[in-house]
Participant: 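Please find one structure pasted underneath; my questions will follow.
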Amino acid sequence: MTERRSAPISSRRQPKQARSTGLVATILEAALQVLAKEGANRFTTTRVAERAGVSVGSVYQYFPNKASILFRLQSDEWRQTTEMLCGILEDAQRPPLERLRMLVHAFIRSECEEAGMRVALSDAAPLYRDAPEAHEARAAGDRTVQAFMQEALPDASEATRALAGDLITTTFGAVGKQFSESPRTDAEIEAYADAMADMFCAYLQSLGHGQKKRTSRSAQR
């Protein structure tokens with residue numbers, strides 16, 4: 001049986017001139033508006049073209065299908081999140097747990113500010129989530145988290161660090177989405193982020209203390 005190939009989701013070409021760059025920006029802004037108004041199920045290239053005030057053919061010059069437009073919107077969001085992640089977690093001038101606390105606050109606030117769009121993109125995820133490009137985009141953030149865990153838990157085993165990183169990133173995604181689905185005040189965001197940061201920091205501290213005790217007992221034998 002022939003394995004079904006996924007539809008391409010990468011852009012057809014990258015704009016090289018200012019005019020082309022402006023056209024792509026117009027298309028993407030229109031796509032955001034259509035997605036916010038119509039949702040993922042009613043999102044079409046025709047609606048995007050109408051909103052952008054261009055022909056459908058102009059859209060197809062850069063995006064082969066609606067999945068490629070949605071993936072571009074999602075990859076831009078991933079890129080922004082990854083830049084935030086790297087900027088905070090790679091700041092070696094601050095202690096690891098302080099960086100983690102800063103990241104929690106920045107992430108939760110970002111989730112609340114962009115809640116509507118994130119929910120819409122999440123609904124559209126089945127169109128592109130299994131594509132190689134999607135896996136590559138997520139891998140960049142995973143590498144940053146792994147490097148941070150190695151710094152935060154230098155005495156822990158690789159398996160322990162991997163588990164800690166996976167638990168924290170999974171909790172970020174699930175809890176952040178659920179919390180941001182309802183309108184939140186600044187005070188609520190701060191209180192929730194503080195509690196979440198306390199939980200993560202206590203978890204990493206417990207892992208670090210436990211590993212040091214095991215290492216100490218092994219050295220005494």
Side-chain angles (χ1 to χ4, degrees), residues 3-15 24 28 31-32 35 40 62-92 94 96-97 99-111 113-115 117-154 156-180 196-197 199-201 203-204 207:
E3 187 174 311
R4 187 179 66 177
R5 299 176 64 86
S6 299
I9 62 171
S10 295
S11 302
R12 286 188 187 278
R13 66 180 185 179
Q14 295 300 319
V24 170
L28 292 175
L32 284 170
L35 186 61
Y62 298 98
F63 302 100
N65 48 46
K66 71 175 185 178
S68 68
I69 302 175
L70 290 166
F71 178 72
R72 172 61 184 270
L73 296 178
Q74 178 65 88
S75 61
D76 284 351
E77 194 276 327
W78 277 333
R79 176 180 52 77
Q80 294 168 5
T81 300
T82 299
E83 288 175 355
M84 177 182 70
L85 185 79
C86 293
I88 295 174
L89 293 187
E90 294 177 357
D91 182 7
R94 298 178 184 274
L97 295 187
R99 280 177 260 165
L100 180 58
R101 182 171 292 278
M102 289 176 62
L103 178 63
V104 171
H105 277 267
F107 181 82
I108 294 298
R109 183 162 294 280
S110 175
E111 285 285 295
E113 290 174 351
E114 303 291 337
M117 190 54 57
R118 291 179 195 276
V119 170
L121 285 172
S122 178
D123 291 340
L127 293 172
Y128 54 73
R129 65 184 172 198
D130 293 327
E133 297 95 329
H135 292 294
E136 292 167 7
R138 290 190 289 264
D142 291 341
R143 287 192 293 270
T144 298
V145 172
Q146 290 167 6
F148 172 78
M149 287 301 163
Q150 189 165 5
E151 183 180 358
L153 299 169
S157 66
E158 184 176 345
T160 297
R161 289 195 294 265
L163 174 62
D166 183 63
L167 187 148
I168 287 176
T169 54
T170 301
T171 304
F172 263 144
V175 177
K177 179 178 181 296
Q178 184 180 34
F179 178 74
S180 64
M196 193 170 178
M199 178 180 69
F200 286 154
C201 289
Y203 172 58
L204 292 188
L207 291 177

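Hydrogens, waters and symmetry mates play no part in the numbers below; they use all other heavy atoms, side chains included.
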Participant: Between A31 and I69, what is the shortest heavy-atom contact and its length?
Facilitator: CB-CG2, 3.6 Å

Participant: If I take atom CG from residue D142 and atom OG1 from residue T169, how far apart are they, to the nearest 0.5 angstrom?
Facilitator: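 D142 CG to T169 OG1: 6.5 Å, rounded to 0.5 Å.
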
Participant: Closest heavy-atom contact between G165 and V145?
Facilitator: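 Shortest heavy-atom separation between G165 and V145 comes out as CA-CG1, 3.9 Å.
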
Participant: Does S68 reach the main-chain N or O of N65 with its side chain, forming a donor-acceptor pair under 3.5 Å?
Facilitator: yes

Participant: First locate atom CD of Q146, then atom OG1 of T144, and finally report the distance between them rounded to the nearest 0.5 Å.
Facilitator: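 One gets 9.0 Å once the value is rounded to the nearest 0.5 Å.
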
Participant: Tell me the closest heavy-atom pair linking R161 and Q150, and the distance in Å.
Facilitator: CD-CA, 3.3 Å

Participant: Just so I know, are the side chains of L204 and I168 near enough to count as touching, which here means a heavy-atom distance under 4.5 Å?
Facilitator: yes

Participant: Main chain of E90, side chain of R99: is a donor-acceptor contact present, judged purely on distance under 3.5 Å?
Facilitator: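 Between the backbone of E90 and the side chain of R99 there is no qualifying donor-acceptor contact (under 3.5 Å).
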
Participant: Compare all side-chain heavy atoms of T171 with those of M196 and state whether any distance is below 4.5 angstrom.
Facilitator: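 Result yes, sub-4.5 Å side-chain heavy-atom pair found.
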
Participant: Ignoring hydrogens, what is the shortest heavy-atom contact between F107 and M84? Give both atom names and the distance.
Facilitator: CA-CE, 4.0 Å

Participant: Which heavy atom in L85 sits nearest to a heavy atom in G141, and how many Å separate them?
Facilitator: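 For L85 versus G141, the nearest heavy atoms are CD2-O, 3.5 Å.
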
Participant: Kindly give the heavy-atom pair with the smallest separation between I88 and A106, and that separation in Å.
Facilitator: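 Answer, listing the atom of I88 first, then A106: CD1-CB, 3.9 Å.
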
Participant: Would you say the side chain of M102 lies within less than 4.5 Å of the side chain of D91, judging by non-hydrogen atoms?
Facilitator: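 No - every pair of side-chain heavy atoms lies 4.5 Å or more apart.
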
Participant: Once salt bridge (Lys or Arg N to Asp or Glu O under 4.0 Å) is applied, do any residues pair with R101, and if so which ones, sequence neighbours excluded?
Facilitator: D194, D198

Participant: Taking atom CD of E83 as the centre, does the number of heavy atoms from other residues, nucleotides or ligands within less than 6.0 Å exceed 12?
Facilitator: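 Above 12, so yes.
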
Participant: So, do C86 and T82 sit near enough that their side-chain heavy atoms are less than 4.5 Å apart?
Facilitator: yes

Participant: Yes or no on side chain to side chain contact (heavy atoms under 4.5 Å, CB included) for L28 and D76, after CA distance, side-chain angles and deciding distance?
Facilitator: CA-CA 10 Å; L28 292 175; D76 284 351; 4.2 Å; yes

Participant: Do T160 and M149 have side chains that get closer than 4.5 Å, going by heavy atoms?
Facilitator: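 T160 vs M149: side chains apart.
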
Participant: Who are the side-chain contact (heavy atoms from CB on, under 4.5 Å) partners of S180, not counting sequence neighbours?
Facilitator: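 Residues passing side-chain contact (heavy atoms from CB on, under 4.5 Å) with S180: E111, C112, A115.
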
Participant: Do F200 and L97 have side chains that get closer than 4.5 Å, going by heavy atoms?
Facilitator: no

Participant: Can you tell me how far the CZ atom of F172 sits from the OG1 atom of T81, to the nearest 0.5 Å?
Facilitator: 11.0 Å

